[in-house]
Amino acid sequence: MSQTVPVDTAAIAEGGYDPHAIQGKWQERWEQEDPFRAGGDEDTRPRKYVLAMFPYPSGDLHMGHAENYLYSDIVARAWRHRGYNVLHPIGWDSFGLPAENAAIKRGADPREWTYANIAQQKEGFRSYGVSFDWNRVLHTSDPEYYRWNQWLFQKMHERGLAYRKESPVNWCPNDQTVLANEQVVDGQCERCGAVVVKKKLTQWYFRITDYADRLLDDLNQLEGSWPHKVLQMQRNWIGRSVGADIDFEIEGRAEKVTVFSTRPDTLHGATFMVVAPDSDLAAELAADSSAEVRERFQDYLEAVQKQTDIERQSTDRPKTGVFLDRFAINPVNGERLPIWAADYVLADYGHGAVMAVPAHDQRDLDFARAFDLPVRVVVDTTAPLTGAIPVIDPDANLEDLDTIESIDPATTGVALVGDGRMINSGSLDGLSKRNAIARITEELAASGTGRASKSYRLRDWLISRQRFWGTPIPMIHTADGEIVPVPDDQLPLRLPDAHGLDLAPKGTSPLGGADDWMSTVDPRTGESARRDPDTMDTFVDSSWYYMRFLAPQDATQPFDPAQALRWAPVDFYIGGVEHAILHLLYARFITKVLFDMGYVDFTEPFTSLINQGMVILGGSKMSKSKGNLVLFHEELAAHGADALRVALAFAGPVEDDKDWADVSTTGAQKFLARAWRIAHDVTSDPDVVWAEGDTALRRVTHRLWAEVPGLIEQTKFNVVVARLMEAVNAIRKAIDTGAGPADPAVREATEAVAMILDLFAPHTAEEMWEALGYDRFVGLVPWRQPDATLLVEENVTAVIQIDGKVRSTIEVSARVDPAELERAARADEKIVRALAGREITRAIVRAPKVVSFSTH
RNA sequence: GCCGGUGUGGCGGAAUGGCAGACGCGACCGACUCAAAAUCGGUUGUCCGUGAGGGCGUGUGGGUUCGAAUCCCACCACCGGCACCA
């Protein structure tokens with residue numbers, strides 16, 4: 001048995017191409033000369049702002065980062081070549097739980113862990129050759145940054161957009177903190193997977209629901225520029241329903257109860273009312289009922305509260321509920337509707353109470369059938385919706401309507417949710433659904449018992465967190481129970497030293513244990529007061545960071561409005577789809593708030609958005625626990641940055657997942673060695689006259705110039721790499737068996753390859769550029785324009801079809817006359833043979849590409 | 001249940017109304033070499049045929065068109081979002 005000897009294939013095998021030496025050389029020069037710094041105020045070129053979602057410093061970079069920042073780098077480099085002043089910054093989303101958990105595990109300071117990881121990732125980005133502007137680095141955990149989170153919070157508070165309320169909140173029992181709705185996925189904590197429970201707490205919220213309509217409607221502007229999927233997810237998440245609020249008198253209660261309904265047209269069909277058992281309203285209605293009801297209600301409430309969200313939300317559970325022995329009065333007909341408490345009604349949607357119309361709502365019908373409540377049909381879904389309105393006898397009994405009887409929900413168990421003609425509904429009779437909704441809404445408004453209304457699935461954004469490693473909430477709780485802002489001259493309100501603090505999760509913020517830190521004075525009276533012990537959700541940090549890059553060192557304001565006018569909004573944004581309804585919704589919200597405050601002149605932060613796919617392995621997501629990790633620094637060491645970059649860019653469309661098993665770093669390395677070699681084979685000088693070069697090769701070059709910018713704009717990076725491979729193959733062939741290494745077209749083509757390859761393999765491209773006799777940096781060289789005369793082929797292959805099948809091809813001039821082309825096609829030997837005497841009944845000629853004959 | 005997306009060789013993918021499978025991976029054959037690696041050249045959708053050539057082929061079925069992977073309709077499969085949201 002022979003032994004396998006490890007060989008440095010990269011250095012030896014590729015015939016002199018040594019990616020690691022090249023990489024070190026150019027990274028050092030970039031570091032010294034800072035060529036990718038964005039142009040300043042004096043720069044008159046048009047501007048482009050390219051941004052990839054900033055990383056969380058969770059250890060070393062991984063393959064997902066390799067992909068994400070490769071794509072933003074490709075776009076940034078392409079725009080530089082096309083004459084733009086490009087801003088491509090990098091920073092770190094450096095507050096958050098993992099730092100804290102790691103610190104708890106090791107008894108260390110989250111700061112140390114965080115900044116050590118940032119240093120490691122910075123080094124990773126440098127050795128990967130990403131063309132960031134390193135002068136604008138920010139870390140959200142720096143007081144210089146989070147000071148402006150506190151500014152934002154106070155601005156929001158001034159405008160009534162930050163407020164406190166007591167409410168049942170999502171509580172992660174593992175992380176021991178509250179979570180925003182967006183951070184609960186399938187009833188589980190987005191971060192750790194623990195089953196989320198409800199807890200009633202007083203917390204800080206941002207009033208994102210005030211912006212629900214704008215967040216929804218403005219998605220239309222992004223159509224075509226954002227992934228369809230993300231727009232869809234945001235629309236679903238906001239979940240606007242249009243209908244009416246209807247006020248019901250309650251017997252024995254002074255105030256009316258309002259319900260929301262998308263089907264106010266069915267108001268005459270309401271036969272009972274249901275309130276959410278965990279709502280204040282249910283508790284109050286039960287409290288004023290009999291002792292027996294109170295007891296039954298209490299038992300039911302306890303049972304309901306024991307359920308997790310997962311249990312409560314699972315569909316096709318049998319309906320449960322209790323009768324509260326209270327009655328509501330239907331405003332349109334005075335009927336008494338029994339009021340029930342049932343957990344299929346949610347406390348925090350609409351008004352926590354519904355009018356139940358069992359005939360026309362499946363849930364209400366299920367409940368009615370379970371508790372033997374009446375069902376009254378008020379929409380004849382069998383009636384035609386077009387033509388004359390059928391005459392309905394107002395005294396007609398349902399039993400008289402044969403058609404309706406056969407589909408009576410009370411017997412079939414299927415609610416009639418479709419459109420139809422109103423019946424048993426007084427003034428609405430005969431109307432269609434849409435007209436009935438309009439009519440009843442008017443009537444309710446006229447009588448003061450209702451009004452048009454909208455409801456949203458979206459809830460206000462809970463931003464308090466009971467954890468240490470985040471932005472302290474800049475508010476003071478005074479002795480008299482007031483809550484006042486920390487005065488501006490005392491900002492930033494810095495986190496205390498973590499040493500000596502118990503960071504372990506215990507359900508309240510660790511800051512509460514920092515006595516010196518917690519005690520402060522009431523800025524109005526000087527009396528002693530307490531700080532707010534909670535920190536902000538880290539999604540607050542990332543909701544506006546793209547603005548901070550515009551002037552990251554500014555100590556006087558969060559961002560410079562003049563720079564915002566120059567650079568913002570972001571022209572090209574890229575990141576994973578996992579942020580579709582978290583970061584991207586919050587950033588849109590905060591941008592609109594900043595617009596309303598007059599700080600920015602745009603309402604959407606990210607003009608175009610791309611979601612890159614994930615890097616997976618063997619069909620499943622990489623994870624430490626599964627042990628199927630492909631490590632970034634190992635791949636980098638094995639193949640070099642350029643091969644890694646080319647392999648990833650070539651692996652497939654940006655949006656698709658890339659299985660590492662299908663990614664060929666060795667293939668990429670081979671290609672790069674071939675490209676590097678042709679640059680060294682060129683023997684002509686830089687001042688040769690290209691026009692004297694081989695025309696066929698020149699056509700290849702100019703097709704490249706014609707095609708590549710468009711392909712980059714469409715983010716078809718894999719196709720651009722394929723085109724470069726074709727070009728390299730064509731040059732190789734020209735050198736070896738055609739025009740020869742001295743031909744000007746060989747130089748022209750090789751220069752084009754170097755200039756475009758810069759997007760994918762910047763180190764190799766610089767090395768090629770140098771070999772071709774130029775000064776650094778190819779990364780800053782403007783791309784050439786295609787020569788139109790070289791784009792028009794002289795001869796093309798025309799396809800000749802008979803009855804839709806290709807039967808022959810002929811070489812013709814690109815400027816061939818259609819009549820002449822048809823003549824040539826008819827005369828073609830293969831066509832004559834294939835026709836076998838059949839007559840051509842029709843000929844379609846699309847010169848110079850197609851002739852299509854039909855024979856029938 | 002509602003809404004949306006996707007479906008192409010052994011594999012990743014290309015082609016958005018005009019030669020399906022560009023480019024690459026893998027595989028096979030050859031040149032160079034004592035040999036191997038690297039490099040270079042060739043073959044590679046599938047079936048029939050010695051060959052020339054022909055049949056079939058982009059999830060399935062239909063349609064539009066001289067011509068469909070591409071447009072339309074229905075269905076199937078997979079993936080994703082929302083879901084007792086009134």
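The sequence lines fix the lettering, A, B, ..., with proteins before strands; numbering per chain opens at 1. None of the values given here were measured: they were computed from a predicted structure.
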query = Taking N and O atoms by type only, does the side chain of A:K319 place a donor or acceptor under 3.5 Å from a partner on the base of B:C84?
reply = yes
base_contact_polar (B:G81 base, A:N236 side chain, donor-acceptor, <3.5 Å) = yes
Please check if the side chain of [X] supplies one atom and the backbone of [Y] the other of a donor-acceptor pair under 3.5 Å.
{"X": "A:H268", "Y": "A:V378", "result": "no"}
{"X": "A:T271", "Y": "A:P374", "result": "yes"}
{"X": "A:K658", "Y": "A:P653", "result": "yes"}
{"X": "A:Q362", "Y": "A:A415", "result": "yes"}
{"X": "A:D265", "Y": "A:I440", "result": "no"}

Proximal nucleotide (of [options]) relative to the [X] side chain:
{"X": "A:R807", "options": "B:G55, B:A14, B:C23", "result": "B:G55"}
{"X": "A:T262", "options": "B:A86, B:C66, B:C82", "result": "B:A86"}
{"X": "A:D343", "options": "B:A86, B:C84, B:A20", "result": "B:C84"}
{"X": "A:F260", "options": "B:G54, B:G4, B:A86", "result": "B:A86"}

key: Inter-nucleotide C1' distance (B:C25, B:A14), Å rounded   = 15 Å
task = Between B:G30 and B:A35, how far apart are the P atoms? Round to whole Å, please.
result = 13 Å
Do any side-chain nitrogens or oxygens of [X] fall under 4.0 Å of OP1 or OP2 in [N]?
{"X": "A:N718", "N": "B:A14", "value": "yes"}
{"X": "A:R674", "N": "B:C40", "value": "yes"}
{"X": "A:K716", "N": "B:A15", "value": "yes"}
{"X": "A:S241", "N": "B:A86", "value": "yes"}
{"X": "A:R846", "N": "B:G18", "value": "no"}

Under 4.0 Å, counting only non-hydrogen atoms across every strand here, what does [X] touch: a base, just sugar-phosphate, or nothing?
{"X": "A:G239", "value": "nothing"}
{"X": "A:R240", "value": "nothing"}
{"X": "A:V850", "value": "base"}
{"X": "A:Q801", "value": "base"}
{"X": "A:V345", "value": "base"}
{"X": "A:D656", "value": "sugar-phosphate"}
{"X": "A:S455", "value": "nothing"}

query = Which way is the base of B:G9 turned, syn or anti, if we draw the line at 90° from 0?
reply = syn
Nucleotide paired to B:G49 in any strand shown, Watson-Crick or G-U, under 3.5 Å = none
inquiry  = Let's test this: given Watson-Crick or G-U wobble pairing with both distances under 3.5 Å, identify the partner of B:C34.
reply    = none
inquiry  = Within the 3.5 Å criterion, strictly below it, is a donor on A:R457 or A:N236 matched to an acceptor on the partner's side chain?
reply    = no
